[in-house]
Amino acid sequence: MLQAINLSKKFKTKEVVKQVNMEMPAGESIGLIGPNGAGKSTTISMLSSLIIPTSGEVLWDGKSITKDPDPLRKKLGVVPQEIALYPELSARENLAFFGRIYGLKGELLETRITEVLMKIGLSDRQRDIVKTFSGGMKRRLNIGAALLHRPSILIMDEPTVGIDPQSRAYILETVKQFVEEGMSLLYTSHYMEEVELLCDKVYIMDQGEIIAYGTKEELKELVSSNQTIELRVNLVNANFEKALTNQLPTAIVRTEEELLTISMPKNEEPLATIFAIAAENNVVITAAIVKVPSLEDVFLHLTGKALRD
Amino acid sequence: MLFTLILKQLKMLSRNKQPLIILLVMPLVLITILSNALGSIMDGEEEQAIQANLVIIDDSSWDQEKDAIVNFLQQQGLTGPALESLLLQFEKNDPAHILKNNILNSDEIKKYIKVEDKQKADMETLREDMKIDGILRIPANFRLDYIETAYFNKQKLLDLSLYLNQENEIRASIISSILTEWQSEYTKFLALSNAGVSPEQILNNQTSVEKIEQVLEANERKIPASIYYTVGMLVMFALYIPSFLAGFALQEVQWKVYDRILLAGVSPTWYTLSIFITGSLVAFIQQIIMLLFGRFALGIDWININAMIITIVSFSVFIGSLSALLTTLQFRTKTDGIANLFNGLVITVFSFLGGSFFSIRDLSETLGKIGDFTPNGATMSAILSIQKGQDLSVIWPFMTVIYVLVIICILLSIVFFPRRGVAE
Ligand SMILES: Nc1ncnc2c1ncn2[C@@H]1O[C@H](COP(=O)(O)OP(=O)(O)OP(=O)(O)O)[C@@H](O)[C@H]1O
Ligand SMILES: [Mg+2]
């Protein structure tokens with residue numbers, strides 16, 4: 001089990017991680033979500049022994065990793081947020097290098113490479129130079145490079161950013177398989193649906209703090225007293241938005257192009273008011289849906305802001 | 001582990017165009033341009049000084065004098081097989097024959113002297129030819145006179161005449177040193193003969209071509225432009241290796257591959273050691289390529305290979321330690337500022353002081369002395385001294401400079417290594 005105890009990190013005077021407590025029991029898959037700059041990557045770096053906490057401890061099977069990170073490192077696979085690969089080397093050469101520094105060699109190394117290439121679906125491109133790969137292919141290889149030594153615990157920092165839905169589905173499917181095979185997982189993402197798909201338990205982080213934690217169901221309970229109304233409008237209008245916030249004081253409103261999301265207590269019946277305000281401001285509502293809560297709504301509820309910019 | 005890291009660094013170097021261009025193409029192009037374009041200015045007439053032109057006017061020949069010699073031997077009471085065998089020995093030990101066929105025909109000596117054999121030419125007209133550095137005239141009855149003097153104790157005057165064109169002292173001195181050595185060999189015969197040693201014993205005392213070769217080698221070789229610039233560029237362009245390696249290392253940190261390397265349990269010490277070894281290895285290979293280019297493209301004959309190897313290995317070790325230091329400093333500052341400063345300013349100043357572009361000593365003795373304390377300057381001075389034909393021992397002061405610098409680089413790397421990790 002990997003544990004964070006009162007973990008804090010200051011860069012100069014800026015405290016970017018504050019008193020974080022986390023637990024990753026063996027065989028479980030944990031999600032870590034939060035907006036840009038929340039401190040997710042910094043937390044992950046501390047958990048994986050790459051940076052030293054300003055205060056607090058990281059324990060691996062009860063022992064501090066600050067003094068001796070090796071037992072953890074042997075079991076740990078980290079997929080960094082960045083593409084951490086050698087662009088001038090081929091896919092196979094990259095894997096061979098990362099395998100070798102873990103002490104793999106000869107026959108064993110070759111079979112592991114072939115195995116990983118299969119898993120990430122790059123067998124047919126293994127001899128190509130990474131520079132020539134598409135974003136999705138690089139992402140897949142970035143994951144593969146963390147798997148050669150067969151880690152029992154895998155930490156993935158936003159492994160799907162910037163890739164097309166098809167590659168994304170492929171990666172998620174692969175990761176899901178790892179979890180089913182019994183690997184412990186810490187998965188960071190901006191995409192709630194990914195976390196919903198993969199993780200049993202979720203930590204929500206904002207401005208360096210863990211603001212909520214629980215199983216998906218527990219978290220949704222937090223907002224079960226809430227309702228979310230999605231409006232599709234033909235023209236967004238600042239006055240309309242302002243009027244909504246003024247006349248519905250309990251609501252949290254956010255706009256994303258033609259989509260307006262209103263989150264507010266369940267006991268109110270706002271639809272009539274909303275349509276009236278729309279008419280006043282010459283806004284045509286083309287569709288309106290009242291939704292069951294998602295993790296996204298939990299997040300919105302807790303932080304008052306969207307998960308993605 | 002170390003091997004894996006080194007191999008990866010070599011791959012990174014070889015798959016990027018820029019290092020290949022700067023580390024190999026540029027120096028080779030510059031060597032070619034500098035040694036050809038500046039060669040004529042720098043070497044001037046001295047390039048030809050390496051090879052002196054000697055004309056030998058032989059007014060006689062063994063065959064022409066043979067009858068007279070046989071006659072003389074018969075007068076001395078020699079006949080039959082005794083006369084025949086002595087005649088054969090004399091022919092073989094004829095100083096004119098030895099000079100032309102043994103001494104001047106040796107490969108080593110041919111490099112320094114070009115011989116033209118003439119018979120019955122007019123010395124006066126030849127003297128006007130400024131291309132000729134020396135004229136040796138062997139008089140008509142030289143062989144007979146020599147035999148009489150050397151083996152039969154008759155004091156004949158051996159009237160050799162040597163004219164040296166003093167226009168070019170170096171070329172003239174090559175000729176005179178060869179001929180002096182030759183003369184002293186055969187006058188030794190004369191001395192032995194005067195001391196009453198028999199002809200047979202004198203003949204066993206063989207003339208040695210090697211001795212003359214040694215005399216020539218002891219004369220300092222002139223350093224032609226080709227050698228000068230090959231060495232100048234070789235030491236200068238090796239200095240670009242550290243910033244490439246440090247740049248790659250910084251890239252590894254920025255790309256987060258360095259995190260992966262750390263997570264795999266590779267310690268920063270091993271990582272830095274791998275850069276040290278890669279730097280040394282690449283520098284060694286680069287220098288060998290330059291030397292081979294000099295050998296095959298410019299026809300340079302590198303002498304004293306052992307001393308050369310010691311020198312370039314030492315300089316390679318320095319390049320390795322500098323690579324480690326620059327890497328450490330970049331890790332600490334997390335920018336490529338230091339490598340850029342090094343490439344932009346330090347290499348230029350060092351190359352200037354070290355004499356890569358022209359001999360700084362000609363400008364100022366003090367600057368020249370300072371230059372010998374730069375790693376490239378020390379290496380260049382060491383190699384040039386070796387190529388002048390000096391002993392191995394001349395390189396030790398320069399090697400001391402190099403290894404002191406190696407130790408300084410290593411100590412600074414240890415002091416500056418970011419202990420708290422590079423990731424922060
Ligand atoms: N090495 C560093 N030095 C100074 N500040 C840093 C450093 N690394 C991160 N930060 C700051 O710490 C904060 C948290 O960064 P972090 O990368 O952990 O966020 P994140 O949650 O991973 O964000 P994202 O979703 O964009 O990846 C940011 O404000 C960032 O600017
Ligand atoms: Mg991040």
Side-chain angles (χ1 to χ4, degrees), chain A residues 9-12 16 41-42 44-54 65-66 68-90 93-105 109 129-131 138 142 145-146 148-149 151 153 155 157, chain B residues 1-23 244-275 277-278 282 331-334 417-424:
Chain A
K9 183 72 197 178
K10 264 189 192 163
F11 287 117
K12 305 238 165 69
V16 299
S41 298
T42 309
I44 280 178
S45 291
M46 288 190 282
L47 283 173
S48 50
S49 81
L50 283 171
I51 63 177
I52 299 163
T54 312
I65 64 158
T66 350
D68 183 14
D70 286 348
L72 169 66
R73 285 178 176 177
K74 282 200 188 77
K75 297 279 173 194
L76 179 70
V78 177
V79 178
Q81 187 171 355
E82 296 82 4
I83 305 280
L85 299 167
Y86 291 101
E88 267 87 23
L89 304 191
S90 72
E93 283 173 323
N94 265 287
L95 293 179
F97 173 73
F98 292 118
R100 279 201 196 97
I101 56 174
Y102 273 99
L104 299 172
K105 49 182 176 257
L109 176 66
I129 302 297
V130 170
K131 237 183 349 198
K138 284 182 194 157
N142 201 34
L148 288 148
H149 59 296
I153 165 168
I155 298 183
D157 195 352
Chain B
M1 174 80 71
L2 215 44
F3 178 74
T4 305
L5 293 169
I6 293 166
L7 192 70
K8 178 262 306 170
Q9 271 144 7
L10 292 179
K11 277 184 184 167
M12 283 177 88
L13 269 175
S14 64
R15 297 205 184 159
N16 276 288
K17 275 204 199 82
Q18 218 202 351
L20 284 181
I21 290 173
I22 293 192
L23 299 181
F244 275 118
L245 292 181
F248 286 151
L250 187 65
Q251 261 181 346
E252 288 185 317
V253 170
Q254 285 161 349
W255 293 341
K256 308 280 174 182
V257 249
Y258 185 69
D259 284 355
R260 288 206 144 128
I261 293 173
L262 285 183
L263 285 172
V266 178
S267 76
T269 314
W270 280 91
Y271 179 82
T272 316
L273 187 63
S274 80
I275 289 182
I277 297 175
T278 310
V282 172
F331 274 12
R332 202 174 180 95
T333 57
K334 269 175 272 160
F417 200 87
R419 257 166 209 77
R420 301 200 54 236
V422 183
E424 294 185 25

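Remember, it's a predicted structure, so these values are computed and weren't measured experimentally. Proteins get letters first, then strands, A, B, ... in listed order; numbering begins at 1 in each.
Of the possible donor and acceptor atoms, one in the side chain of A/Thr54 sits under 3.5 Å from a partner among the backbone N and O of A/Lys10. Judged purely by atom type and a 3.5 angstrom limit, A/Lys131 has no side-chain atom pairing as donor or acceptor with the backbone of A/Ser90. Remark: side-chain polar atoms of B/Arg260 are not paired, donor with acceptor, to backbone N or O of A/Ala145 under 3.5 angstrom.
No other option in A/Ile129, A/Leu72, A/Asp70, A/Leu89 has as many heavy-atom pairs under 4.5 Å with chain B as A/Leu89. If you tally non-hydrogen atom pairs under 4.5 Å between each of B/Leu5, B/Asn16, B/Val266 and chain A, the highest count goes to B/Asn16. Contact tally against chain A (heavy-atom pairs below 4.5 Å) for B/Met12, B/Met1, B/Arg15: the top residue is B/Arg15. Interface summary for chain B: among A/Ala96, A/Ser48, A/Pro87, A/Ala146, the most heavy-atom pairs under 4.5 angstrom belong to A/Pro87.
In this structure, no portion of A/Asn94 lies under 4.5 Å from any heavy atom of chain B. Of the two parts of A/Phe98, only the side chain, counted from C-beta on, holds a non-hydrogen atom closer than 4.5 Å to a non-hydrogen atom of chain B. Proximity to chain B (any heavy atom under 4.5 Å) is restricted, for A/Glu82, to the side chain, taken from C-beta onward. For A/Ser45, no part lies under 4.5 angstrom from a heavy atom of chain B. With a threshold of 4.5 angstrom between heavy atoms, B/Glu252 approaches chain A through side-chain atoms but not through N, CA, C or O.
Proximity of B/Leu273 to B/Thr269: side-chain heavy atoms (C-beta onward) are nowhere separated by under 4.5 Å. Looking only at side-chain heavy atoms (C-beta outward), B/Phe248 and B/Thr278 stay at 4.5 Å or farther from each other. Proximity of A/Arg100 to B/Phe3: side-chain heavy atoms (C-beta onward) are nowhere separated by under 4.5 Å.
The side chain to side chain donor-acceptor pair (under 3.5 Å) search around A/Thr66 returns A/Glu57, A/Ser64, not counting sequence neighbours. A/Ile83 meets the side chain to side chain contact (heavy atoms under 4.5 Å, CB included) test with A/Leu85, A/Lys138, A/Arg139; sequence neighbours excluded. In terms of the ring pair (Phe, Tyr, Trp, His ring centres under 6.0 Å) criterion, residue partners of A/Tyr102 (sequence neighbours excluded) are, by chain and number, A/His149.
Contacts with chain B (heavy atom to heavy atom, under 4.5 Å) involve these residues of residues 74-81 of chain A, listed by number: A/Leu76, A/Val78, A/Val79, A/Pro80.
Ring pair B/Trp255/A/Tyr86 is perpendicular by interplanar angle, where above 60° counts as perpendicular and below 30° as parallel.
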